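Just so it is clear, the model here is predicted, and its values are computed rather than measured. Throughout, protein chains are lettered first and strands after them, A, B, ... in sequence-line order, and every chain is numbered starting at 1. Atoms considered below: every heavy atom in the structure, side chains included; atoms not considered: hydrogens, waters and symmetry mates.
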Amino acid sequence: MLDIKFIRNNAELVKAAVKNKTEKADIDLLLKLDEQKKGLQFDYDTFRAEQNRVSKEIPKMKKAKQDVSDIIAQMGQLSETLKEITVRANEVEAEFDAILLTIPNVPHNDVPVGGEEDNEFVRDWGVKKEFTFAPKDHIVLSELNNLLDLKRAVKLSGSGFAGYTGNGAMLERALINFMLDFHINKHDYSEVALPYLVNRETMIGTGQLPKLEHDMYHVNEDDLFLIPTAEVPVTNLYSKEIMANVDLPKKHVAYSSCFRREGGSYGKDTKGLQRLHQFNKVEMVRFVKPEESYSVLDEMVNDAEDILKALGLHYRVLVLATGDLSFAAAKTLDIEVWAPGANKYLEVSSISNFEDFQARRASIRYRDENDKVQFVHTLNGSGLATPRTFISLIETYQNEDGTISVPKVLQPYLGGREVL
RNA sequence: GGAGACGUGUCCGAGUGGCUUAAGGAGCACGCUUGGAAAGCGUGUAUGCGGGUAACUGUAUCUAGGGUUCAAAUCCCUACGUCUCCGCCA
């Protein structure tokens, strides 16, 4: 969330951010409630100070055998007044908090304003692979090589679920292990493996709730949510903590399954592995000092790019425009990998700087060089999501006879095989 | 899942309604002492919100949320967590 002091001083900027992110939030009402809240807090503190002061006198007077019944009667009045103030303050605060949680992060000032069509090309690497034959798409290739079982997965769980079989399952597992090892050994991330089911507070911490409640799978009986990304448990790992200056930066990598209801997105890019309710992803998460977060953002984009370079897959990098930016992000870069069979780019990574937005929600702080307590900046990015990487990989490395070559870096993970 | 015990600051730990401004200890930081270190001595050692240029100050926080009371770490209720025993289980 945003600092209320920041909102007070930059109301117009925040309103513009809400509009540019196509969100809705009543800033004027929030500020009105803020004033009320401050007033009530002041009254409460004043009356409470009086109550505390007199409460200390009562035992002394009793000891001195003085009559305290009048004072106790007066204190009864004061006690009632305090109760009334508390009730009103709780109401105002609940409404205030509810609004504050729906205010999105403010985009960084170098983020292009606009919708998806305003996303800006940053760079690309490699070229679209040329074939001497007509390249097949991943569904045809999977059928030829028995890599996926899409029909039976649907039988198990419904549309939007996929199953990997045989070499397909092994290839997916190879990708995950390769990516984890790469980030751990070459980029110095430390691995964590955390729960896939998290509570409501955790989902609020990273900003999925309250906005995206209906996009999440929810276990009613325990009020737990299936994580849509490992970002959620990893970022919240240090919630309500104050880290020592020397503990920063922290770099974590985590592999997890991700669960998304994807309500409303039916019919769009749903073929095969393109959009799933459940998929696997390797996620990078960093906790850094505020002054470092933008250079770290670039570093993380490079970290993700390194995986695609090692796999020899052509990709491009984009900066998202304000309207395409997620609720909590200040700036996001997407990496899209080329899929020759599908003849299009597929998003495989989204790398974001949340600045102190998530840190405020989850209360993740650190003590700086001057011992001052400050919020950390959090960042995360996929490194990478497996299904679309899988698509690009088999489509790029397909041979004319329908077999699939294994890129050098994955061969150790597939028993040294050069062809699947 | 059943029964019981418990939850206090960075840690240990005292505290069964007002004498608590949460005792005492450990750790940590700084100072004194020392040739240097240890020991010793002294001082300091949380976070949020508000007031003040500041020193400082009001208030809240003893797992969390409610309640009782003039007054709650302390009494009551609920949730969560931890431990022990039983049951179940990869």
Check: Between A:Thr46 and B:U59, is there a side-chain N or O to OP1/OP2 distance below 4.0 Å?
Finding: no

Item checked: Value in whole Å for how far the C1' atom of B:A46 lies from CE of A:Met243 -> 17 Å

Next item on the list: Using the P atoms only, state how far B:C19 lies from B:U34, rounded to an integer number of Å.
Entry: 44 Å

Checklist line | Sugar-phosphate only, base, or nothing, as touched by A:Val54 at under 4.0 Å among non-hydrogen atoms | finding: nothing

Item checked: Spacing of A:Arg53 atom CZ relative to B:U21 atom P, expressed in whole Å -> 15 Å

Next item on the list: Rounded to whole angstrom, note down the P distance from B:C49 over to B:U43.
Entry: 31 Å

Checklist line | Sole residue of A:Asn353, A:Leu318, A:Leu297 in side-chain contact (heavy atoms from CB on, under 4.5 Å) with A:Leu333 | finding: A:Leu297

Notebook entry, point to check: Which pair of non-hydrogen atoms, one from A:Asn380 and one from A:Phe354, has the smallest distance, and what is that distance?
Noted result: ND2-CE1, 3.0 Å

Note to self: Output the rounded distance in Å from CG (A:Asp67) to P (B:C70).
What the structure shows: 15 Å

Check: How close or far is atom C1' of B:G48 from atom CE of A:Met1, stated in whole angstroms?
Finding: 11 Å

Margin query: Rounding to an integer number of Å, can you tell me how far A:Asp368 CG sits from B:U47 P?
Written below: 12 Å

Notebook entry, point to check: Any side-chain N or O of A:Asn52 less than 4.0 Å from the OP1 or OP2 oxygen of B:A60?
Noted result: yes

Notebook entry, point to check: Closest approach of A:Ser350 and A:Thr332, non-hydrogen atoms and distance?
Noted result: OG-CG2, 3.4 Å

Notebook entry, point to check: According to the Watson-Crick and G-U wobble definitions, with both distances under 3.5 Å, which nucleotide is paired to B:C32?
Noted result: B:G40

Next item on the list: Quote, to the nearest angstrom, the C1' distance that separates B:G13 from B:U20.
Entry: 16 Å

Check: Can you tell me how far the OG atom of A:Ser257 sits from the NZ atom of A:Lys281, to the nearest 0.5 Å?
Finding: 10.5 Å

Next item on the list: Among A:Leu308, A:Ile307, A:Val301, find the residue that satisfies the side-chain contact (heavy atoms from CB on, under 4.5 Å) test when tested with A:Glu305.
Entry: A:Val301

Notebook entry, point to check: When we call it a touch if two heavy atoms are under 4.0 Å apart, what does A:Lys5 touch: a base, just sugar-phosphate, or nothing?
Noted result: sugar-phosphate

Margin query: Categorize A:Lys83 for me: base, sugar-phosphate, or nothing, with a 4.0 angstrom heavy-atom threshold over every strand shown.
Written below: sugar-phosphate

Next item on the list: Take the protein atom CG of A:Asp222 and the nucleotide atom P of B:C80, then report the distance between them rounded to whole Å.
Entry: 10 Å

Margin query: Which is more 5' along RNA chain B, the nucleotide nearest A:Glu50 or the one nearest A:Arg367? Just name the residue.
Written below: A:Arg367

Notebook entry, point to check: With respect to the phosphate group of B:G48, does any side-chain polar atom (N or O) of A:Arg365 fall under 4.0 Å of OP1 or OP2?
Noted result: yes

Next item on the list: Please state whether the phosphate of B:G58, meaning OP1 or OP2, lies under 4.0 angstrom from any side-chain nitrogen or oxygen of A:Arg48.
Entry: no

Check: Whole Å only: how far is the CD1 atom of A:Ile242 from the P atom of B:C11?
Finding: 12 Å

Check: Nearest-Å distance, CG (A:Asp371) to C1' (B:U10)?
Finding: 14 Å

Next item on the list: Name the residue closer to the 5' end of RNA chain B, choosing between A:Lys62 and A:Lys38 according to the nucleotide with the nearest heavy atom.
Entry: A:Lys62

Notebook entry, point to check: When all nucleic acid strands are considered with a 4.0 Å heavy-atom cut-off, which category describes A:Gln51: base, sugar-phosphate, or nothing?
Noted result: sugar-phosphate

